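These numbers come from a predicted model, not from an experiment.
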Amino acid sequence: MFVFILLISITGVSLVMALRQKKSYFLAIPFISIFLYFLFEIAMVPEPFFDTVKFIFSLS
């Protein structure tokens with residue numbers, strides 16, 4: 001729950017900053033933060049990193 005609120009607040013702050021300063025690179029911050037959280041969660045799995053990634057993307 002804390003992570004969800006944190007990601008929503010990062011998105012809100014970056015959206016406000018992008019609109020106020022008219023800089024589009026602020027809109028990339030939420031995507032970067034979600035990607036880093038995704039990598040962090042994969043790294044917490046006790047299996048090797050690349051085996052975990054292969055497992056996640058081979059689910060069908």
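Contact between S14 and F26 at its shortest, heavy atoms only, is CB-O, 3.2 Å.
To the nearest 0.5 Å, the span separating CD1 on I42 from OH on Y37 amounts to 11.5 Å. Here the straight-line distance linking atom OG of S33 with atom CZ of F35 works out to 11.5 Å at 0.5 Å rounding. Distance OG1/T11 to CG/L6: 9.0 Å, rounded to 0.5 Å. To the nearest 0.5 angstrom, F40 atom CZ is 5.0 Å from M44 atom CE.
Linking ILVMFWY side-chain heavy atoms closer than 4.5 Å, directly or via other members, places L7 and F31 in two distinct hydrophobic clusters. Residue F50 is grouped with residue F38 when hydrophobic side chains (ILVMFWY) are merged at heavy-atom distances under 4.5 angstrom, including chains of intermediate members.
No option in I29, I34, I5 other than I29 meets the side-chain contact (heavy atoms from CB on, under 4.5 Å) test with I10.
Other residues, nucleotides and ligands contribute over 12 non-hydrogen atoms within 6.0 Å of the CZ atom of F49.
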